[in-house]
Amino acid sequence: MIFNMNKFWIVFAALWGAISVAIGAYSAHGLGGDETRVLWAQTGGSYGLVHVLALIGLTALGQVGGGCSRARIVGSICFALGLVLFTGGLFVKALADVSLGGPYITFGGSLYILGWILTAVFGFTFKTKENNHG
């Protein structure tokens with residue numbers, strides 16, 4: 001069986017979408033009114049949902065057209081790692097009230113920014129499949 005990267009990105013993004021919604025909903029009621037922890041969870045959820053959509057969008061655009069595929073692939077990896085490090089790090093802080101003890105959240109945020117820059121590179125080189133001839 002050949003590994004299908006597009007299927008992986010869609011499933012990965014969908015699961016992070018579900019996690020973001022679940023933790024966002026839980027934070028509204030289950031964090032005992034701790035405003036800081038609620039804010040961490042809401043920030044993680046907001047950024048998570050935006051970047052889930054970005055990851056799905058890049059995957060979809062790769063199916064309907066071409067361009068700098070390296071930028072699309074590395075951009076997708078940046079968004080995925082950003083979800084784990086930035087969004088995941090904020091969720092750990094919110095739910096467990098502990099810091100991961102390193103620059104994980106900051107690094108994840110930087111990966112989000114790099115992912116957007118690479119999305120712009122992909123967009124600049126994007127051509128629909130019908131326009132790829134010649």
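For the numbers below, each heavy atom of this structure counts, side chains included, while hydrogens, waters and symmetry mates do not. These numbers come from a predicted model, not from an experiment.
- Hydrophobic cluster membership is shared by Val92 and Val84, with clusters built from Ile, Leu, Val, Met, Phe, Trp and Tyr side chains linked at under 4.5 angstrom.
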Apply side-chain contact (heavy atoms from CB on, under 4.5 Å) to Trp16 and Thr87, showing your working. CA-CA 9 Å; Trp16 271 97; Thr87 298; 4.0 Å; yes
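- Under a hydrophobic clustering in which Ile, Leu, Val, Met, Phe, Trp and Tyr are joined whenever their side-chain heavy atoms come within less than 4.5 Å, directly or via other members, Phe107 and Ile117 fall into different clusters.
- For the pair Leu90 and Thr43, the tightest heavy-atom approach, listed with the atom from each and the gap, is CD1-CG2, 3.8 Å.
- Closest non-hydrogen pair, Leu95 versus Arg37, comes out as O-NH2, 3.0 Å.
- Under the ring pair (Phe, Tyr, Trp, His ring centres under 6.0 Å) criterion, Phe86 pairs with Tyr47, Tyr112, not counting sequence neighbours.
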Can you give each donor-acceptor pair under 3.5 Å made by side-chain atoms of residues 64-82, sequence neighbours left out, with the distance rounded to 0.1 Å?
| unit_1 | atom_1 | unit_2 | atom_2 | d |
| --- | --- | --- | --- | --- |
| Ser76 | OG | Arg72 | O | 2.9 |

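- Linking Ile, Leu, Val, Met, Phe, Trp and Tyr residues whenever their side-chain heavy atoms come within less than 4.5 Å places Met5 and Val52 in a single cluster.
- Neither Phe124 nor Trp116 shares a network with the other; the hydrophobic side chains, linked directly or stepwise wherever heavy atoms of I, L, V, M, F, W or Y lie under 4.5 Å apart, form separate groups for each.
- In this structure, Phe8 places its CZ atom where more than 12 heavy-atom neighbours from other residues, nucleotides or ligands lie under 6.0 Å away.
- Val121 and Leu58 fall into different hydrophobic clusters, where Ile, Leu, Val, Met, Phe, Trp and Tyr side chains are chained together by heavy-atom contacts under 4.5 Å.
- Under the side-chain contact (heavy atoms from CB on, under 4.5 Å) criterion, Tyr104 pairs with Leu85, Leu100, not counting sequence neighbours.
- Between Phe12 and Leu55, the shortest heavy-atom distance links the atoms CD2-CD2, 3.8 Å.
- Residues passing the side-chain contact (heavy atoms from CB on, under 4.5 Å) test with Ala41, sequence neighbours excluded: Ile23, Ser27, Leu31, Ala94.
- Trp9 places none of its side-chain heavy atoms less than 4.5 Å from the side chain of Ile56.
- Evaluation of the side-chain contact (heavy atoms from CB on, under 4.5 Å) rule for Val21 yields Leu49 as partners, not counting sequence neighbours.
- Residues satisfying the side-chain contact (heavy atoms from CB on, under 4.5 Å) test with Thr36, not counting sequence neighbours, are Asp34, Trp40.
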